[in-house]
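Written out below as structure tokens is the structure these notes cover.
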Amino acid sequence: MNDSFNDVPKILPIIPIRNKVLLPSASLVLQVVSKDSVQLLQRIYRSAENKESKYIIGCVPVHPPSYNKLESKDTTTAPFTLTRNGNRNSTPKKTIEETFNQSIQPSDLHKFGCAARIVKLERTVNGFIVRIEGVIRIRIDKYVLERPYLEAEVTVFPDPSVSKDDNELQELANSLKTTGRELLVIFQNLKFPTAYLIQLQKYIENGPVGLLTDFLINTIECTYEERLQILDAHDLKTRMSIAIELLARQINILKVTQKVHSTMSKKHKEFYLRQQLNAIKEELGERDDSSHEDDDITDLTKRIKEAGLSPEANKAAQRELKRLKRMHSTQAEYQVVRTYLEWLSEIPWSKSTSEIIDIDKARQQLEDDHYGLESVKKRILEYLAVLKLKGDLKGPILCLLGPPGVGKTSLGKSIASALGRKFHRISLGGVRDEAEIRGHRRTYIGAMPGLIAQGLKRVGVNNPIFLLDEIDKVGHLSNHGDPSAALLEVLDPEQNNTFNDHYLNVPLDLSKVLFIATANQVDTIPAPLLDRMELINIPGYTFEEKINIAQRHLLPKQITNHGLSLDDVKMLDEVLLKIASGYTREAGVRNFEREIASVCRAKAVEYANAKDKNELENYNNEVTAKEIENILGVTKFDSEVAERAARPGVVTGLAWTSSGSGGILFIEATQMAGKGDLQLTGKLGEVIRESARIALSWVRAHAFQLGITTSKTEPTFFFQRDVHIHFPAGAIGKDGPSAGVALTIALVSLFTHRQVPTTTAMTGEITLRGQVLPVGGIKEKIIGAHRAGIKKVILPARNRKDVEGDVPVNVKNEINFVYANNIFDVLLGAFEGEKIWSDSTPIVEFESRL
């Protein structure tokens, strides 16, 4: 740059700068807002010729006293330093500085300055932004103009070349270059920008020593006064001596800093960094937030310590706590880690409720909460007795199986009340994702623990009773996993002490949790899951049981729920029987309770009107059968038996529905001219179709004996007729072998023109030899038959034990049971004891054991 000192005019316009010293080879960006300097730059900006050229101005620093006087009014900046991630072009550093926004007197300015070339000039709202590059040192001889801006006569001080004969200067130059190389190595270790390092190395190897001196001073930390000394040192030897001293000091500081950082222990280093972070936050006004974060971390640490975590969980918690302390609350990962720690602190790892298993108390609790269900209560009490003696839960998981509305969920609540444990219900209906059981992995946004861990957090103890409701409706294998497979670990007492929730990712002990499942059917429960549970069947209620349940529980509950007292509504058993039989058709009591609620609402309206009119003495609290029709409307269900007239070919069978309830099933058969075809309708399954073919084959084989044909060899009777068998309610699928007996009787009734009484129902499987085989669901079928008004039931003889052991006494007293070993016993029972066959062919009384 010294080659261009002749381009510097003798008189230069002067721009004062503050808190900065511009040296040759350095670059600055000034924000000019003072009136004097703005007028100067306006003149330069308007000059088209000068706008294209690089205009020369003088940049003179302000004396330190003047700077101190104005410090309270003007914005200050940090000392000039070189940072590792700073952007660099061909010059060491670019910094935006504001000039003074008030007039400066010549006496306030320093004696030496630097001629600078204007590289870029931009207009702003309040002034100009100008980028300048230092060219050469100048000395102010005198100011020739003070208004509208400063102009001064200057003397230029170019740097002399180093003479080989000047040994002192040569030694200083070598020392300066050695120091520069040492500084270059440190900058390389500190990962300074490559472009700057290349430029520095170029100056060290080939650059003039004067320019190298100024360049190196621009890269290190110096005070304002020290930079003024360098600016004033137009003598090269003096300047190099000062620079070498400042560079050596900076190198020592950097070496000590590196050594301290390398030898500092991890804890001291964290403290050092945290102090720096706190200082930065304090400057940014975020100190209060930091204190709040520290309070949160302290609170989390306390909660984790008090939670009594398992060793694995505590290890994970301490690891995540260390991560949290190193994070800022604005980081996305901060909330993820904090939420995870909150979950760990809220899981009841060691907190439990004390329990005393009192069998008498449990028996009384079950009696108070539920009417009937004696076999169910007996099994529950057995389970509790074993639990009391054994002291752990390593046994079968109870699964309450039955139709909707029979009290499966309330039984679970009663068990919890009897044990004094907390109760939590988990609805598994519609669960299709394995993550809903095991939890989501924390890598996903919005991840949460599974339903099991959430339930533990909600109850707050590690030994609650969990009711897994509708376990038969949980999803199976899909692209979201297999939730039923995830339940295998939950319900296995040998494995659930180390249950792994994907979110918590630490073993979770479920061995103290008492699991009770409920289901409506077993067909949809996977075999491995079903194997881990003990089924307790809860059949539907009889009318007598429903009436007792209503008087004990449903009616008082609904009266209270509708703001009435127990004396305000009275219902006799006959009224409740009318509601149960005429307005509901279910195994449970859910719809029955809804109808009772409708009656209570009507009585509430009647009571409120009477109270408003002060006519409570005219209010009748007794509900009559006639009022039921006015409140609930016409009867929704008539007796299915009563509405049908006895006809040949029509028989009543017994069915067991998939919901676990029983009922009656009508079978209609008719014949027409044809070619001997058999037609079956009513949405029938393959098994029931086979039963129909077996029944027809048996009837054809015994047609002469039954009086259907006049000779044993008459071939034309069945070949000239088509038979059509229909099961009403065609929209409902039907299947199973238990309709074989009813199908046979329907065909015999059709061909012999005899009627089967509508109050007679039957069930059982038939073989080609006429044997009657036992079937399942006897209790539910008989209760359904009793509900439909059936008076006689024909059953396989081998189902006698089911009737005697399971069917309620009042039902057995109201139904006549006929037990059949073969189809001829069924014929006697179906046709009121009439023997409609001849004895020409003996009855087969043996059974093959092949």
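Just so it is clear, the structure is predicted and the values come from calculations on it, not from any experiment. Numbers here are sequence positions counted from 1. Computed from heavy atoms alone, side chains included, the values below leave out hydrogens, waters and symmetry copies.
- Contact between Met327 and Arg323 at its shortest, heavy atoms only, is CG-O, 3.2 Å.
- Across every non-hydrogen atom of Gly210 and Leu236, the tightest pair is CA-CD1, 3.6 Å.
- Judged by distance alone, the side chain of Ser175 and the main-chain N or O of Glu171 form no donor-acceptor pair under 3.5 Å.
- Between the side chain of Arg137 and the backbone N or O of Leu231 there is at least one donor-acceptor pair closer than 3.5 Å.
- Under the 4.5 Å side-chain criterion, counting only non-hydrogen atoms from C-beta, Phe112 is not in contact with Val60.
- Leu109 and Pro16 make their closest contact through CD2-CB, 3.7 Å (heavy atoms, listed as atom of the first residue, atom of the second, distance).
- At least one donor-acceptor pair closer than 3.5 Å links the side chain of Asp501 to the backbone N or O of Gly450.
- Note: Tyr196 and Phe215 meet the aromatic proximity criterion, with ring centroids under 6.0 Å apart.
- Across all non-hydrogen atoms, the minimal contact from Arg139 to Phe157 is CB-CE1, 3.3 Å.
- A donor-acceptor contact shorter than 3.5 Å links the side chain of Gln454 to the backbone of Pro449.
- Judged by distance alone, the side chain of Asn218 and the main-chain N or O of Asp214 form a donor-acceptor pair under 3.5 Å.
- For the pair Ala173 and Val209, the tightest heavy-atom approach, listed with the atom from each and the gap, is CB-CG1, 3.6 Å.
- Of the residues Arg239, Arg227, Lys111, His110, the one that meets the side chain to side chain donor-acceptor pair (under 3.5 Å) test with Asp232 is His110.
- In plain terms, the two heavy atoms of Phe192 and Leu197 that are nearest each other are O-CD1, 3.6 Å.
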